[in-house]
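Have a look at the structure below before the remarks.
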Amino acid sequence: MRPLPWLEIAHDATTPARLIPALSSALVVGLLIVVIEISLASLIFAGPLAQFAPQAAGLTLCAGFAMCLLVALFSALPGGICCPQDSPAAIMASAAAGIAASLSAAGVPLDSRAAFATVAAAMSLSTICTGAMYMLLGRFRLGNLVRYIPYPVVAGFMAGVGWLLVRGSFAIMVDVPLGLDGLPKLLEPGMILRWSPGLLMGLCLLVGLSRLRHAAVLPATLGLALAGFAAWVFFSGQGLAGAAGAGLLLGGMPSGSMLWPVFSPSDFLLVRWDALINDLPQLLTIPLVASMSFLLTCSGLEAAFRQDLDIRGELYLNGLANFLGGACGGHGGFTALSLSMIGNMTGANSRLVGLGAALLTALATFWGAGLIGYVPRFLLGGLVLFMGLSMLVSWALGARRSVTPLEYGVVLAILCAIGVLGFLSGVAVGLVLAALLFVIKYSRIPVVRVDTDISALSSARRRSVPDRHVLRGQAGDARLLGASGYLFFGSVSTISQNISARLAGERPPSFFLLDFSEVDGFDSSAMNSFVRMIQRCEAAGCRLAFAAAPAQLEELMRRSAPAEALAAHFFPDLDRALEWCEDAILAREYARLEKGKAAGGQDELFDSAVDDMLRQLEQGERFETLLDGLGPGLARRTAAAGEVILRQGEDPGGALLFISGQAEEVRHGPNGASTRLRTLAAGAMAGRIGRDGDAGAPGEITALTDCSVAFLSAEDLAALEAERPAAALAFYRLYAELLEARRAGPDLGAAEA
């Protein structure tokens, strides 16, 4: 159990070995949060809204302060850092451009202040919705939900977000987003000089962090870039005023030193709710992408810190952080993997890192407006460019090594759709491709788990020796297909193709048994495949039976295809289907033998079955001899037809020996389903004779006709072993033979060990 946060903070603050690394890491993390949030504010408020980017920085910085403070105090990770993130910002930038375009449509001049207030309201609402999404995921324990989203779809979404960041980085640096429309302007000599430093910085960060993987690379690169810019301003003679006039600095800061609060109560009256509602579908994708990103980040945090996270607790905490961030006006965020690892890399895994970073962010929010206006645009744009390139490399290029060519095509298709059609259309394309990918991959899973004739199978019904010989000779005329999993049109087609191939063979079966006992469910789209299957079988003179099919399947077939439903046969379990198939085969074969009686057909059957008949008579004679030998120790009873002889789960306390009549043993499942285990006739045994294991009867034995039964208790059997070992040995020998026969085939004997 971890100590209380306050005790951890007090301990680290009074321990120099932990305080000094924590403060140095807090300085680095705090400066990075400030620069990142200013960059993301410039990304969202670009183009016609660029004049409000400095003021919008107050919204993102204040949200960063609130999120960082809350998570630093209460996260299970002492070094956890939370702030508004790049993936929600990329979608928010696209939504902001749409809102600005809708407000200036039809030649109406853009009310810039109303557009600023409307976009800020959209940011706040999307962040609150993101917090609510986190809360719902935590409340219903859906933290692992992201694992059910196909990896190619996740990779495509994330790569698309990376492209939006790359595109928006140029809008930060030169007010022209990267794209085919703006490409000619971006290639003008004056423009190249403005965005090329940011491109160089972004590439240096990408290469440096991929090679060195050290926490000092990012702040060192930013420091060198800032120093280089300062040297250029000094030696070129432009000065800060000239750089600001050339549009190289962020500039445009509000008067005074405070960046927050940004709005007055009167500004809320300027919000254009109609424009916000029109862009609502795109705004609602922000909680989805943020949740996806956060849950993926949690997996990375567990690997980086080598500990299991309480995902539910982190979802609740980040949900509260987003509520606070939304109240401050910022965009959605979550615990950042890279920033959280800085303290861990420097040996300062302490809450002081997050608290110090939050304090530095607060200083920039409430007292740093004058300094933030002098931040170079290329620095902000280059940092956003690095974020976008990093996501493209990780998700668009890196995914190629871990997916199949088909899946990689899905990744590229989603990326291209987001780049060409926009994020919302890209999400729609991704969902469609995810469904197609699921259908393709799931249909390749073998749905047929059993494909065999019935030579090794038989129903539980007791058959005579001639019947068994007939069935053994005709076993190849019936085919059993056992299905499993969830059936839809893609997977059912494999069953249909199997049946079609069998029907087209040299010796097509006369019977098909479809065992659905391990089927989890079916899609209504599979109904057409079943109907066509029945039609093919009927045209080929083959009979089709469904065993243990869902009740909805038969009901739906009777409503939609009554003729095919009448042609098919439905049974509650495989045993009943096998019995029906055996009866049909026997009826057909005996009819054929009757016609061929003059040619000696029945004599041929008798000759082939005579050995088994003699063996059956010998076993019956031995059973009668055994009954006579056990006479005094047997308790005899009769059971009328329909009477329960032994209940399921009941301990018989010995062995039941059936003298005459016929009974059946049925297992009743917990869901009301019943399975016939076997039929018992004269010479059959039931019950248990062992002293170990579960003595409960596996099923309920009910008399089908009037039965006569003898009972040998375990105590009498023990006495028999002591007094008459020869009689006991005869009993055990017959019991073992019956048990072996039953294991070989339910219709050959009857014994229950």
Task: Side-chain touch E302/Q307, heavy atoms, less than 4.5 angstrom - done: no
Task: T127-N322 side chain donor-acceptor pair, cut-off 3.5 Å - done: no
Open item on the list: Can you confirm whether L136 is buried at CG, in the sense that more than 12 heavy atoms of other residues, nucleotides or ligands lie under 6.0 Å from that atom?
Closed with: yes
TODO: Taking all heavy atoms of P16 and all of T14, pick out the closest pair and write down the distance.
DONE: CD-O, 3.6 Å
Open item on the list: Main chain of I9, side chain of R351: is a donor-acceptor contact present, judged purely on distance under 3.5 Å?
Closed with: no
TODO: Find out whether L222 and L32 are in side-chain contact, i.e. whether some heavy atom of one side chain is under 4.5 Å from a heavy atom of the other.
DONE: yes
Open item on the list: For a side-chain contact (heavy atoms from CB on, under 4.5 Å) check, start with the C-alpha distance between L383 and L205, then their side-chain angles and the critical distance, and finish with the verdict.
Closed with: CA-CA 8 Å; L383 186 58; L205 281 172; 4.3 Å; yes
- [ ] Taking Y408 for its side chain and A396 for its backbone only, find out whether a donor-acceptor pair lies under 3.5 Å.
- [x] yes
Open item on the list: With a 3.5 Å distance limit and no angle check, can you tell me whether T15 reaches the backbone of R18 through a side-chain donor-acceptor pair?
Closed with: no
TODO: I would like to know whether Y151 and V411 meet side-chain contact (heavy atoms from CB on, under 4.5 Å); could you show each step before the answer?
DONE: CA-CA 9 Å; Y151 176 79; V411 175; over 6 Å; no
TODO: In sequence, state the C-alpha distance, the side-chain angles, and the governing distance for Q85 and I36, and then conclude on side-chain contact (heavy atoms from CB on, under 4.5 Å).
DONE: CA-CA 9 Å; Q85 291 291 322; I36 289 171; over 6 Å; no
- [ ] Indicate whether any N or O donor in one side chain lies under 3.5 Å from an N or O acceptor in the other, for E314 and S75.
- [x] yes
Open item on the list: Which residue is it: L270, I99, D279? I am looking for the one with a side chain to side chain contact (heavy atoms under 4.5 Å, CB included) to T118.
Closed with: I99
Open item on the list: We want to know whether Q282 and S94 form a side-chain donor-acceptor pair, criterion being a heavy-atom distance below 3.5 angstrom.
Closed with: yes
- [ ] Output the distance between atom CD (E37) and atom CD1 (I33), rounded to the nearest 0.5 Å.
- [x] 7.0 Å
Task: V353 versus A22, closest heavy-atom pair with distance - done: CG2-O, 3.8 Å
Task: Pairwise side-chain contact, M201 with F386, heavy-atom cut-off 4.5 Å (strictly under) - done: no
Open item on the list: Can you confirm whether W163 sits close enough to L415 that some side-chain heavy atom of one is under 4.5 Å from a side-chain heavy atom of the other?
Closed with: yes
TODO: Evaluate the criterion side-chain hydrogen bond (donor to acceptor under 3.5 Å, both in side chains) for residue pair D12 and S350; output intermediate values, then yes/no.
DONE: CA-CA 7 Å; D12 293 346; S350 169; 2.6 Å; yes
Task: For the student: nearest non-hydrogen atoms of S291 and M133, plus distance - done: OG-CG, 3.1 Å
TODO: Can you label the angle between the F116 ring and the F52 ring as parallel, tilted or perpendicular, going by 30° and 60°?
DONE: parallel
TODO: With the side chain counted from C-beta on, respond yes when C82 and C68 share a heavy-atom pair under 4.5 Å apart, and no when they do not.
DONE: no
TODO: Please examine the side chains of M123 and T60, heavy atoms only from C-beta on, and report whether any two atoms are closer than 4.5 Å.
DONE: yes
TODO: Give the minimum heavy-atom separation between S126 and P287, together with the two atoms involved.
DONE: O-CG, 4.3 Å
Task: Carboxylate-amine/guanidinium proximity below 4.0 Å for R272 and D274 - done: yes
Open item on the list: I need the S293 OG to D86 CG distance, nearest 0.5 Å.
Closed with: 8.0 Å
Task: Least distance between heavy atoms, H331 atom then I44 atom - done: ND1-CD1, 3.7 Å
Open item on the list: Side chains of D267 and S264 only: does a donor on one sit below 3.5 Å from an acceptor on the other?
Closed with: yes
Open item on the list: With heavy-atom distances below 4.5 Å as the criterion, would you say the side chains of L296 and M158 are in contact?
Closed with: yes
TODO: Find out whether M135 and L315 are in side-chain contact, i.e. whether some heavy atom of one side chain is under 4.5 Å from a heavy atom of the other.
DONE: no
Open item on the list: I want to know whether Y134 and F294 have ring centres closer than 6.0 Å.
Closed with: yes
Task: Residue pair T361 / V34: nearest heavy atoms and the distance that separates them - done: CA-CG2, 4.2 Å
- [ ] Output, in order, the C-alpha distance, side-chain angles, deciding distance and verdict of side-chain contact (heavy atoms from CB on, under 4.5 Å) for M387 and V166.
- [x] CA-CA 8 Å; M387 295 175 184; V166 170; over 6 Å; no
